[in-house]
Amino acid sequence: MATGLRIKTAAELRTSYLRQEMFPTIFCDGCGIGNVLNYTLWAIDEVGLDLDRTVFVSGIGCSSRLPGYINADGLHTTHGRALAFASGVKAANPDLTVIVFTGDGDGAGIGGNHLLHTIRRNMDITVILVNNFIYGMTGGQSAPTTPDGGFTTTTPYGNIEHPMDVCELAKALGAPYVARWPVVSPVQPVKSIAEGIRKRGFALIEMLTPCPTAYGRYNGLKALEQIWRWYREQTVLIDEWEWIEQFGSPEERERLRGKMKIGIFQDTERETFEDRWAALVARVKL
Amino acid sequence: MATGLRIKTAAELRTSYLRQEMFPTIFCDGCGIGNVLNYTLWAIDEVGLDLDRTVFVSGIGCSSRLPGYINADGLHTTHGRALAFASGVKAANPDLTVIVFTGDGDGAGIGGNHLLHTIRRNMDITVILVNNFIYGMTGGQSAPTTPDGGFTTTTPYGNIEHPMDVCELAKALGAPYVARWPVVSPVQPVKSIAEGIRKRGFALIEMLTPCPTAYGRYNGLKALEQIWRWYREQTVLIDEWEWIEQFGSPEERERLRGKMKIGIFQDTERETFEDRWAALVARVKL
Amino acid sequence: MHTIQIDERWCKGCALCVIYCPTRALEVAARFSPRGVHPPELVRVERCNGCRLCELLCPDFAITVTEESRVHA
Amino acid sequence: MHTIQIDERWCKGCALCVIYCPTRALEVAARFSPRGVHPPELVRVERCNGCRLCELLCPDFAITVTEESRVHA
Amino acid sequence: MSTHRELIRRALGPRVQFVQGDDACAYGAVLAGCTFFAGYPITPATEVAERMAEILPRIGGCYIQMEDEIASMGALIGASWTGAKVMTSTSGPGFSLMQENLGYAIMTETPCVVVNVQRSGPSTGQPTMGAYGDMMQARWGTHGDHEIIMLCPASVQESLELTIVAFNLSERLRTPVLVFIDGELGHMRERLVIPEDHEFELWERPRATDRAGYRPFAPGPDLVPPFAPFGSGFRTFVTGLTHNEEGLPRASSATIHDQLVRRLAAKITNHLDLITRYEEFYADDCEIAIVTYGITARTCRDVVEEARRRGIKAGLLRLISIWPFPEHVVARWAERVRAMLVPEMNLGQIVHPIREAVAGRCPVVLHSRIGGELHTPAELLEALEALQWQPA
Amino acid sequence: MSTHRELIRRALGPRVQFVQGDDACAYGAVLAGCTFFAGYPITPATEVAERMAEILPRIGGCYIQMEDEIASMGALIGASWTGAKVMTSTSGPGFSLMQENLGYAIMTETPCVVVNVQRSGPSTGQPTMGAYGDMMQARWGTHGDHEIIMLCPASVQESLELTIVAFNLSERLRTPVLVFIDGELGHMRERLVIPEDHEFELWERPRATDRAGYRPFAPGPDLVPPFAPFGSGFRTFVTGLTHNEEGLPRASSATIHDQLVRRLAAKITNHLDLITRYEEFYADDCEIAIVTYGITARTCRDVVEEARRRGIKAGLLRLISIWPFPEHVVARWAERVRAMLVPEMNLGQIVHPIREAVAGRCPVVLHSRIGGELHTPAELLEALEALQWQPA
Amino acid sequence: MKHEIRICGFGGQGVITAAVILGKAAAVHDGLTALQVQSYGPEARGGAARAEVIIADHPIGYPGITLADVLVAMSQEAYSRYHRAVKPGATLIIDPDLVFQRDEARPVVPVRATKIAEELGNTVVANIVMLGALTALTGVVSPEALLAATLESVPARFRELNRRALEAGMQAASG
Amino acid sequence: MKHEIRICGFGGQGVITAAVILGKAAAVHDGLTALQVQSYGPEARGGAARAEVIIADHPIGYPGITLADVLVAMSQEAYSRYHRAVKPGATLIIDPDLVFQRDEARPVVPVRATKIAEELGNTVVANIVMLGALTALTGVVSPEALLAATLESVPARFRELNRRALEAGMQAASG
Ligand SMILES: Cc1ncc(C[n+]2csc(CCOP(=O)(O)OP(=O)(O)O)c2C)c(N)n1
Ligand SMILES: Cc1ncc(C[n+]2csc(CCOP(=O)(O)OP(=O)(O)O)c2C)c(N)n1
Ligand code: SF4
Ligand code: SF4
Ligand code: SF4
Ligand code: SF4
């Protein structure tokens, strides 16, 4: 790996960061959620987080099972509500690092309003949103991210709803750090998650993650090799995307269709809820 | 009035459009919500809507009381849920015109997720969102729109949360029609509401509306003349805003601070849920 | 010549009409309406140019401006 | 020289490691693991360059690549 | 052009199938004329939605997956006001989220059917395990005073049939009706015979006919106000606030509130004849009664037969409609039996109204089982025998 | 530097005040050591939040207004896991929305206090009118099997005092505790004397002391597991799924579910001695008893005195803790009295567990009033007299 | 000793504030038992508003008033609705500018509170004028207690205005 | 007549599908009473999966199985857990490639379903191979019913594969 990070081995991760009694994971074979865990642990290792002072919060879904595997404080909450619980943890004890794992359904479907307002308040929370285009845990129903025409058990004739772009939304809401990466290669996600954790303020890292069992099965991508390849082929770096949009040939532009932009969407600074609250307390405390 | 519309008189509106037994309204004196009703009726008149085929839907709040005054089908629902109910009405009978009245708290606070997903689906619904920067009905608590530093009964030392810009959000989500106007002058709101109703797809018209009783009282704007003047002075047309941002002097640009952009934020076309569903049915019906 | 009709059951005495009348033709009455508020009055009839702004702005549909020549239903 | 350690209790036999190994040093074994899957095997030891991609990509922390010279805790 | 009924038949497929309880609920809805479904996936109720998503577009109806259960319930009510027959399905966590809007449907007299395929709670609990832990929530889950109708099938066939009944009651009485099964029955497959149209009745909500002087919430016969769908020119205002018979808010009037809320309750409790359903086995000479409902009742049927073979005068009262609670039926049994055994797949819920109805007339023994496994015939037989030999 | 207790005193202001029931709940919370409040405004509970928003920053705590009641309940639980004492307040519609996360708090043994200032429902109903329409919802509102603790004050002073008790019980037993008042009491002003610190006890949640072999959900004495706050290095995994004593999900195990859920219930029902609170008047020679709770009890006190003056052997059993239901207390009264009158500001809710406890020993007569007005002394006196002259 | 006082008018007149100040005067400053309740609806902005105060020297059970000892009516609707719900010999205080039609059988004390307040420069103190009059007429609380309760209930910059309103009310009642 | 059949293995092997097809064969094609239940957990992806089928000629009350007449075990865990919960004389069918340790006291029919399926070109039909074997060994449903139920349960392009899997299973059982 070309990053120059001193990457812990899987065996080391197992002993330092994992609840080994929880393994093997519940994830299907070929599922990319395990990779999200990998990358997060490597990022944590890079940042040098103290797991004694880090809380992992999640909602309900395959992806929301991740905190259970990490040997740290974990709060596996109700479906869609991870950010509400996480806000409570962070507001009550701003010294803790709070990292949220959520799914596209959990975080942007039922939980969309908490996403919206947590970003608005700019809570200092890092959200790792696993987008697999579908509700995996319940067996493959359409999600707000399901592509146009995508097949799921509740869109048996193809999805007619416009899919949601969570990163564009977060960006419009002013989230200080927003990035999207497919899990298919490790380097950028690891770096990006580390940046998100370091960012003072809300950070969203959307991980495009293959779900062969549900999304793959209904969309001709059940074979692992195929679905993992799809994620490489269907994603385009923001810079390249913009270059093509500006200077590309019509054919090149046509080829962007249906693909997804990846990269860092936003990286700015903004006062956090916790800092502002602390300032308020300093001002009015008796 | 310079629009060339043949504007019905208040007396005519009363007999053709209002449930007179509901008057006087519950709105405080100096409240701008009554004006939103005025403008909507004039817009409806202009569009020539058949009130027998129009349904007004709302949530809970001062602004959500509006459907009760209109002599048409009305659905005054639960707090924050107007768009969910409205989506049901529209999906089940796309021939009806559906107009939603909602507050900033109702529509963008508790109801934010329904806003998000109704826009995403592009339901053909016109939403008139009354933004008075506060929760009026419950006596003046902070809303997601309360300005930075604004005083409310739950931000007695000044609001520390970043306020939300509902129009920017709707725009980012791809709503085909998005506009914002203060109620203090009638012409543009009337035109804009009419355009919203005519638009095939989701239309959001945010009305900046004085609430002297709650927002005014806690922010030195209790006197009617003062608060109404404030809305004139603190709003700047998008074009002007952009001109100043690009070409304005530093002082001019400084003067934009804390002010609000008004005008039409977006006016595009996008396939609606209803049309796509109809196409799907045409394709698969037995 | 224009006149204004005020529905005193509906008028809340907010005085928006008075404030925004471009010709300052209206005034707040000294007397109380049955609702206990001071309603507006067209004290300077001659000034009123029938612009109907008071009517458009009245949040309570309480004002109707009428021309002598025209009768509304 | 590198070797890989596979934790067969954790390996789900997804074969990601086999697929993504840039030197094609791994293969899927014919035998079944106790979990009932075919685990990977380092069949072409000489090819393995220790890039650790299989380890980084294994969703189940089941592979650890070790150098002869180095022992992990 | 085929008629709507023909479309339905074609969409449902062969007359004899081997399907799940969930599927049967969906089929029942479609047969009852349901054309609108709004829902949100949740184990073990998802298959109801999946079946509706497959069938509805094929018969020209509308399936919409909402962003959560709150929205599903809201969309359902909106759709019902256009005149459509509507249904949603969920399980415990989602049913909890639906409570506020369920109360709205009650208050606004909006017909709708809610299927709850119960899983083992509290909280996320055991998502894939069956239970009957929401039985009291069904009755009391939403705030404020109200009555509710709930039906509890015990087989796949009955899941279909009672879903039709649920629609009928909901339409006729203009009130939400709940169909409660559990994860076990929801995912259990049995032979299902889809009934012919002449084999069941279909009731429609009473319709308003005359616009002049129409008062949308003025009770007609049965205490039920005639309904005028949105868009039909009747111009109805619907609010969850306390309202008068015109439908206009009168939230400060004690009298209007009292009249409205008592009528809404009476509309249901006055129609026990339409609603109440139960099955009795060996009622005549029963000494030890099992009183139960849902999937457990199947086992109890076996148990009672076996007990009889062993000389115990056992009997079974299977409650099919749980709410409004058939107090008189239970009271009647209480007068005649020596003891009642109440097996429940919860910590004891329906045992409360049973005890209240029994009012001390005989001992009532709860046999509670939680964790997702069914009561076994053996343990229930043992419990019956223990009661049999217990001194009075 | 002042101590935290001194800060609290200063923030609360003068010792004698003329304030509302809502205010008193907020004061009680602050006195109990509450440092975190998450909420969402709703009539008639908003003033609780408003007081907390004023006080908490002044004592270094945190007030956060969330986007809805679901989020409020979520944030509350999150905050409680950092070790803070936490509270929220709401009314019916909001309480309905909190049900799912309330169940989560029960399942995860998270201390928290929820104040419900009840308004008249169902649905939006009468937002500014008091009622006791959510009494059964409190017990059964969330899905799945569980027990809950609920306290019902009858005065402004008691609103403060019982809120402190609520925190104590919640901390000690690690379970949500509900304080239920109504809109009338919530907005009623009375003289309030803020008690000194030595006038009340404060209980804290049991704390884990040893990291080695810590099992976060292994019951300690009282069946309550010792608590380790997030960030203290104990590394606790918290889930609403069925979990073992390590806190790890075991959602398919019937045995673990059974053990867990029965322990959660027993943790409460085994501590009736700590929880149960009631007041008795003229218990000794009472023939006709009024059994009631909340604001109505004040009126009943007057009524009983007046009845005594008129020669009726009336008595009053005022229930202060409603859940777990003090069955034995009611049963004891039932053995001695000729009849019970149960006035309720609803269509009859607590009358159900009362009837169940009475088990036919004496007639139980509901006197229901809805619409937001209180029972008058005159009507209750009349009801008492009617019972007095009724043949046994 | 038990006084049952009902103050009513329309929303925005501050009838609830008046009742709160009165209760506070009794409970906090005069050391009496006092209880105050109010009734308002979501429909009541500008509509009917009502507040009640019970002042006693013993604990108060039933927290309501059927027949009042003192009625203050600041609107026609309030008067029409409540003027009969009083005990024999009760004190009825009205604002004659806002109560147009009266049941002449029932003697009333007219206090032009709104006019007086307008003359003092701010219509919002009409309620305080009424409180002054009420106290002067009935003595349910001591004038000192009333003054103290009033001053601590209003922002500093309005103290003087309120003090004058109280005095004007007392004068109007005696005048 | 009542047959109680338990099929178990790990998630992904299609044990539930197998049970459904068997039940369908009995209920729809052989006109019998049949009932099928399953057990799976959210933890069960790749973990334990279990399905049961009851086939009878009369209505079925209790919808569970305590002791099975037929057990199909497609994993070690399944075998270890359930091989004792059978009636005397029950038929036990196992995949010997996946069941490593056996209680030798209990006679079993080994069917190398996974291997056979892999040879047929797709490991997913291992369950169908087992169904063929089961039917051949027990006759709980007719081969025609089983074939019909299988074919209507799979996409058209997999029919041939499934038919061959059934046949291979029957052969393996007889062989
Ligand atoms: C209130 C509620 N509604 C529905 C569910 C059922 N449910 C569990 S997970 C899930 C969707 C998960 O989708 P996503 O968040 O995208 O995660 P994935 O499983 O795809 O990783 C749903 C609908 C639930 N547990 N609670
Ligand atoms: C579930 C629920 N929570 C809270 C409330 C209380 N409530 C009623 S209106 C309202 C806020 C209204 O604010 P907004 O939508 O901005 O409308 P406004 O009154 O300012 O016009 C609230 C919180 C409620 N009715 N239901
Ligand atoms: S269902 Fe999809 S998302 Fe869930 S574990 Fe399986 S592959 Fe992963
Ligand atoms: S409280 Fe504010 S928004 Fe509500 S009616 Fe009064 S002025 Fe209007
Ligand atoms: S604007 Fe309307 S309500 Fe206001 S004073 Fe004028 S007439 Fe009356
Ligand atoms: S990537 Fe990991 S789990 Fe997958 S086959 Fe390789 S070692 Fe096994």
Side-chain angles (χ1 to χ4, degrees), chain D residues 1-67 71-73, chain H residues 7-18 40-51 71-83 93-103 108 110-130:
Chain D
M1 274 279 282
H2 298 81
T3 56
I4 68 169
Q5 297 167 351
I6 310 259
D7 188 323
E8 291 201 1
R9 290 167 313 144
W10 293 20
C11 169
K12 293 188 182 133
C14 65
L16 267 180
C17 47
V18 177
I19 296 167
Y20 282 105
C21 173
T23 66
R24 304 215 165 272
L26 300 170
E27 288 264 318
V28 172
R31 75 190 162 85
F32 289 94
S33 77
R35 270 182 75 83
V37 303
H38 302 290
E41 278 178 333
L42 183 57
V43 287
R44 287 178 283 274
V45 189
E46 68 294 352
R47 285 207 193 173
C48 175
N49 62 6
C51 75
R52 292 179 63 198
L53 200 63
C54 57
E55 183 175 348
L56 286 161
L57 278 176
C58 172
D60 289 281
F61 302 87
I63 290 197
T64 298
V65 179
T66 47
E67 275 185 76
V71 181
H72 295 290
Chain H
I7 307 178
C8 40
F10 46 80
Q13 285 180 320
V15 304
I16 293 172
T17 309
Y40 63 104
E43 284 96 348
R45 291 149 202 253
R50 191 184 87 206
L71 173 71
V72 178
M74 294 177 73
S75 77
Q76 181 63 46
E77 192 190 336
Y79 175 84
S80 308
R81 207 152 170 187
Y82 296 109
H83 76 283
I93 310 173
I94 64 158
D95 184 328
D97 289 320
L98 301 173
V99 178
F100 310 95
Q101 291 184 324
R102 262 192 358 246
D103 176 350
V108 296
V111 175
R112 303 189 67 186
T114 310
K115 264 271 165 297
I116 294 173
E118 280 174 3
E119 282 158 16
L120 287 173
N122 199 331
T123 174
V124 299
V125 292
N127 58 343
I128 304 296
V129 174
M130 278 297 186

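Predicted, not measured: the structure shown is a model, and the values here were computed from it. In what follows, chains carry the letters A, B, and so on, assigned in the order in which the sequence lines appear, proteins first and then strands, with residues in each chain numbered from 1.
For D:Arg47, the CZ atom counts as densely surrounded, since its 6.0 Å shell holds more than 12 non-hydrogen atoms of other residues, nucleotides or ligands. Around CZ of H:Arg81, the count of heavy atoms belonging to other residues, nucleotides or ligands within 6.0 Å does not exceed 12. More than 12 heavy atoms of other residues, nucleotides or ligands shown are found within 6.0 angstrom of CD on D:Glu46.
Comparing H:Leu98, H:Thr123, H:Asp95 by heavy-atom pairs within less than 4.5 Å of chain D, the highest count is held by H:Leu98.
At a 4.5 Å heavy-atom cutoff, the contact between H:Glu118 and chain D is made by side-chain atoms alone.
Taking each heavy atom of H:Phe10 and D:Arg35 in turn, the nearest pair found is CE2-O, 3.2 Å.
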